[in-house]
Amino acid sequence: MKKENTNDKSQSFLKGAAILGGSMVVVRLMGMVYKILLSGMYGGVGTGLFNSAYALYNPLFMLSTAGFPIAISRTVSESIARKRYRDVRQIHKLSVPIFVFAGLLCFLAMVIGSFIYVRVINADNAIFALLCLSPTIFFGCLMSIYRGYFEGMRNMTPTAISEIIEAACKLILGFSASFITMKLCLNEYNNSGYVLGVKCASEAQANAAAIPIAIGAAITGISLGSVFGFLFLFIRYRRGGDGITAEMLRASPPPKSNGTIIRVLVKTAIPIGLGAIVMSVADMIDSTLIQRQIFRIMENNPDALLDVYASLIPDDVVYSGSTHTYLYGCYGIANTLMMLVTALTQVFGTTALPSVTNAWTVKNKEKLKASMETVLRVTVLVTIPSGIGISVLAQPLLSLIYSSPSVANEVEIGSRVLTVMGISVIFIAISTPLCSMLQGIGRMDVPLKLFVIGLVIKIVVNYILVGIPEINIQGANVGSIVCYGFVVIAALFVLCRETKIVPDFISIFVKPLIAAIICGFAAYFSEIFFDFLFYQKIATILAVLTAVFVYAAALLLLHAVSKEDILQMPKGAKIAEILEKRRLIR
């Protein structure tokens, strides 16, 4: 197995974030195209079935990995900081049987649990999507063996490439399989009046019978993506090595015993894993509460709910008893944009962990402060303007993305959801890097405690608000704002207390907030202005570009970006020199 020099492969926070961030943008854009295509073909009901599968998958996947990828990343990073390279190799060796066993166990749990879950959400036709997604748990676990290992060595490239492979398979194979399946089902109906043995009295019934099968076929592409993603990582590790040379191994102390390493991994993984599981359970609770509460409203007081949306919910959806699935699908359409922002800050969290762990391990307070401030500043610079921009341009943005006339009603409902969701994304996105930094300094227990409290808050708020017909699905957004707002404030307080470091709050939070508010006004008024001159899609693109330009200018005028931040960017020295001449950075 080829060995590479670790020092050559190790990446700084911003370089690692750029690699993972770039790949994540590609991945999310592919995912967005995938969802747009599926939503255009299958509408709100199809989107609801798709999202329901993930609502069960996410907590089970978190349970199967149980925080071990992050634990591996942290312990590998700590071992490298201490130059214990034999421990690094031993960590990888021990992680293999753990993930294989956990993956198989949770794969079986999802297969069995799928039949129970569809009854709970009153959507028996979601079973195809759930079963087709279940193999992803096993192969996702196998990928985690390598992702956590490489990330701990601050080499984000293998993770980035494997994610792109997954997304490409999902888009190409998944959509192709879905399209062919739908075509075959409708051809069968046209020839015989049946769809997979079920007699259909009309084309609408044939579509309703075929959509769950087609969504299952679409999700098969996701499972195949996880297979190819794992194969890439396996071959990459076997042929490219991990960067540890024979000289490094000879100079390294003897490895700790297997029992010691496993105890450290378990001790690190359990609180991290439980925290991740809690928030995945929160997503499942969102799915369950939204659908059950709306199902209950439609049983007891349907007119109150239907009056909120006038004629936006199709009659055939109401008559078939699928209103709860349809509205959850509209919620999912709005969620597409939110996930793009949260995915980027997950990248910041992933790259922050080894950086903060390294500084904490060698007790370099100056380096730790610089790492913390860089992570917070980059996160806030992306998150706040994104959230405000999404809220301000909710309707035109969704119309730009979901341009098919067949989902016009879903887009209208989704844009109402997105207006409030844009505010919640700010807190959701900031919470991830904050919790990663707490894990980096050894306080793995804190995110778990905060998420448990936040989950209780979220359940109470959701249950009350979603059950009110006039509020319905918007209640889930309010629950997210309250829940994650608490997590962000509490996590920031604990991080400052434990590190005894107080970041520059004015530079990190206040100045970007002011710039983001200016950006929001620019987006709102420029969209109105351009809408008079151009088609709406062109007007929306121009409004976004204007907002970005105004935001960048406001950041520079407020001196919210430092010279050090610019220098860490590609071509940073040249950019910094130009900005210094104009006194736009200090």
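Side-chain atoms are counted along with the backbone in the values below, which use heavy atoms only and exclude waters and symmetry mates.
When all heavy atoms are compared, the tightest approach of Glu527 to Pro396 is OE2-CB, 3.8 Å. Met182 approaches Ala210 most closely through the heavy-atom pair SD-CB, 3.7 Å. Residues Ser192 and Lys199 share a closest heavy-atom pair of O-NZ, 4.4 Å.
Side-chain N/O atoms of Asn477 and Gln474 include a donor and acceptor closer than 3.5 Å. Donor-acceptor pairing under 3.5 Å is recorded for the side chains of Asn472 and Tyr309. No side-chain N or O of Gln536 forms a donor-acceptor pair with one of Thr540 less than 3.5 Å apart. For the residue pair Thr136/Ser223, the side-chain donor-acceptor check at 3.5 Å is satisfied.
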Could you walk me through whether Tyr326 and Ile313 satisfy the side chain to side chain contact (heavy atoms under 4.5 Å, CB included) test, starting with their C-alpha distance in whole Å, then the side-chain angles of each, then the deciding distance to 0.1 Å, before giving a yes or no? CA-CA 8 Å; Tyr326 180 86; Ile313 302 177; 4.1 Å; yes

Using the side chain to side chain contact (heavy atoms under 4.5 Å, CB included) rule, take Leu131 and Phe115 through it: C-alpha gap first, then chi angles, then the decisive distance, then the call. CA-CA 9 Å; Leu131 293 177; Phe115 294 94; 4.1 Å; yes

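A distance of 10.0 Å separates SG of Cys132 from CD1 of Ile127, quoted to the nearest 0.5 Å. With rounding to the nearest 0.5 Å, the separation of CG in Leu171 from OG in Ser176 is 8.0 Å.
Between Phe525 and Phe521, the ring planes are parallel. Angles under 30° get that label, and only those over 60° would be called perpendicular. Below 30°, between 30° and 60°, or above 60°: for His324 and Phe295 the angle between ring planes is above 60°, a perpendicular geometry.
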